[in-house]
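Right, one structure below, let's go through it.
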Amino acid sequence: TPTMEQQADDVLAVMDAVGMDSATMFGTLGTCGPLALIAARAPERVRGLVLLAPIPHGLESPGELEGWTDAERQSVLEGYRHAFAIWGSGEIIDMCDPVQATSYNRRLMALLERSSATPAAAQAYLDWIFQVDFRDVLRSIQVPTRVLRIPSNRVPESVGRYVGDLVPGGTFHELPASLPVAAVARRIARRSARRGRTPRPQGRGRRRCGPASRTPSTCWTGSGDSPT
């Protein structure tokens, strides 16, 4: 697994290659550290930083873990170990946002897992996440930073608040609870009906996938169930 410094250099290299001077950066789980490092050492390249459920101190790294109870730490460790042990099944979605863990979204996550890394590479990546400590990097950030958390995510709220406090001027935000996919679909239908339009049915052969990152840690769910 590349080091945090190598991953940060890769991001900047891609930005240079496409002529991107600066960007607002979003990271979750293992991508939080490399993006935080870019914000700390190259703030002119970062307009803003958004971190979703970051784990700043690896759960298997030495030292006391701020914001975790022993039970919370063990639960997240076991959950991720189980999900990565069956890499390619879509189990990661239960760790990211179990409210969205429909059969369709699980299939999408499984596709993302299989297309992003081999089981061995994914396991090595998880081992790295559980050892890395980037708290000192967070203390050096000098760009606008928001730390976000989804209520159903397994990373405790206290950890998100801790990260927000580590970043100078950083803020923590608890997002609204996720709605089940079916509830979202009903809301869209009601709004469309009020506007006098009928929602376009999602017929067979019209499956759509949204953009997906090629890093194992990025979580994406679809916007609705699809016919089987």
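Just so it is clear, the structure is predicted and the values come from calculations on it, not from any experiment.
A distance-only check finds no donor-acceptor pair linking the side chain of R154 to the backbone of C96 [under 3.5 Å]. At distances below 3.5 Å, at least one donor-acceptor pair connects side-chain atoms of Q131 with backbone N or O atoms of E60. Judged purely by atom type and a 3.5 angstrom limit, E91 has no side-chain atom pairing as donor or acceptor with the backbone of F84. Side chain of E78 to main chain of S75: no donor-acceptor pair is present (N/O by atom type, distance under 3.5 Å, no hydrogens or angles). Within the 3.5 Å criterion, the main-chain N or O of A71 finds no donor-acceptor partner in the side chain of Q74. W68 places no side-chain N or O within donor-acceptor distance of the main-chain N or O of L59, the cut-off being under 3.5 Å. Looking only at distances, a side-chain donor or acceptor of E113 sits under 3.5 Å from a matching main-chain atom of G90.
A salt bridge links R139 with D136: the closest approach of a Lys/Arg side-chain nitrogen to an acidic carboxylate oxygen falls below 4.0 angstrom. With salt bridges taken as basic N to acidic carboxylate O contacts below 4.0 Å, none links R41 and E5. In summary, D94 and R106 engage in a salt bridge, as defined by a charged side-chain N under 4.0 Å from a carboxylate O.
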Begin from the C-alpha positions of V163 and R135 and carry the test side chain to side chain contact (heavy atoms under 4.5 Å, CB included) through to its verdict. CA-CA 8 Å; V163 173; R135 290 174 294 174; over 6 Å; no
T171 vs V147, test: side chain to side chain contact (heavy atoms under 4.5 Å, CB included). Steps then yes/no. CA-CA 6 Å; T171 58; V147 181; over 6 Å; no
Test side chain to side chain contact (heavy atoms under 4.5 Å, CB included) applied to Y80 and F130, step by step: CA-CA 10 Å; Y80 274 113; F130 283 165; 3.8 Å; yes
Pair L29-T31, side chain to side chain contact (heavy atoms under 4.5 Å, CB included): steps then yes or no: CA-CA 6 Å; L29 194 61; T31 58; 6.0 Å; no
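A side-chain N or O of R47 and one of S22 form a donor-acceptor pair less than 3.5 Å apart. Judged by distance alone, the side chains of D133 and S61 never bring a donor and an acceptor atom under 3.5 Å apart. Checked by atom type, the side-chain pair Q123/D127 shows a donor-acceptor distance below 3.5 Å.
Minimum heavy-atom separation, V155 to P54: CG1-O, 4.0 Å. The minimum heavy-atom distance between S89 and A110, with the atom names listed, is C-CB, 3.5 Å. Shortest non-hydrogen contact noted between V46 and V143 is O-CG1, 3.7 Å. Taking each heavy atom of A8 and L37 in turn, the nearest pair found is CB-CD2, 4.0 Å. In terms of heavy atoms, W128 sits closest to G30 at CZ3-O, 3.7 Å.
Heavy atoms of other residues, nucleotides or ligands lying less than 6.0 angstrom from CZ of R146 number 12 at most.
If you take CD on E157 and CD on E72, they are separated by 10.5 Å, rounding to the nearest 0.5 Å. The CG atom of L111 sits 7.0 Å away from atom CG of L108, with the distance rounded to the nearest 0.5 Å. The OG1 atom of T69 sits 10.5 Å away from atom CZ of R73, with the distance rounded to the nearest 0.5 Å. For the atom pair N153 CG and E174 CD, the distance stands at 9.5 Å (nearest 0.5 Å). Rounded to the nearest 0.5 Å, atoms CE (M109) and CE (M95) are 12.0 Å apart. Rounded to the nearest 0.5 Å, atoms CG (L138) and CG (L166) are 5.5 Å apart.
L51 has its side chain out of reach of L148: every pair of non-hydrogen atoms, C-beta onward, lies at least 4.5 Å apart. At a threshold of 4.5 Å between non-hydrogen side-chain atoms, the residues I150 and L52 count as touching. Side-chain contact between F134 and C32: present, with at least one pair of heavy atoms (C-beta onward) separated by less than 4.5 Å. Residues M4 and V137 meet the side-chain proximity criterion, which asks for heavy atoms closer than 4.5 Å. Contact of the V14 side chain with the D16 side chain is not registered, since no non-hydrogen atoms from C-beta on lie closer than 4.5 Å. The shortest side-chain heavy-atom distance between R149 and L175 does not fall under the 4.5 Å cut-off. You'll find the side chain of H57 stays beyond 4.5 Å of the side chain of E66, heavy atoms only. Looking at heavy atoms from C-beta onward, W87 lies in side-chain contact with I92 at the 4.5 angstrom threshold.
Hydrophobic clustering of Ile, Leu, Val, Met, Phe, Trp and Tyr side chains at less than 4.5 Å, counting indirect connections, unites V159 with L77. Note: the hydrophobic cluster containing L35 also contains M20 (ILVMFWY, side chain heavy atoms under 4.5 Å, direct or indirect links).
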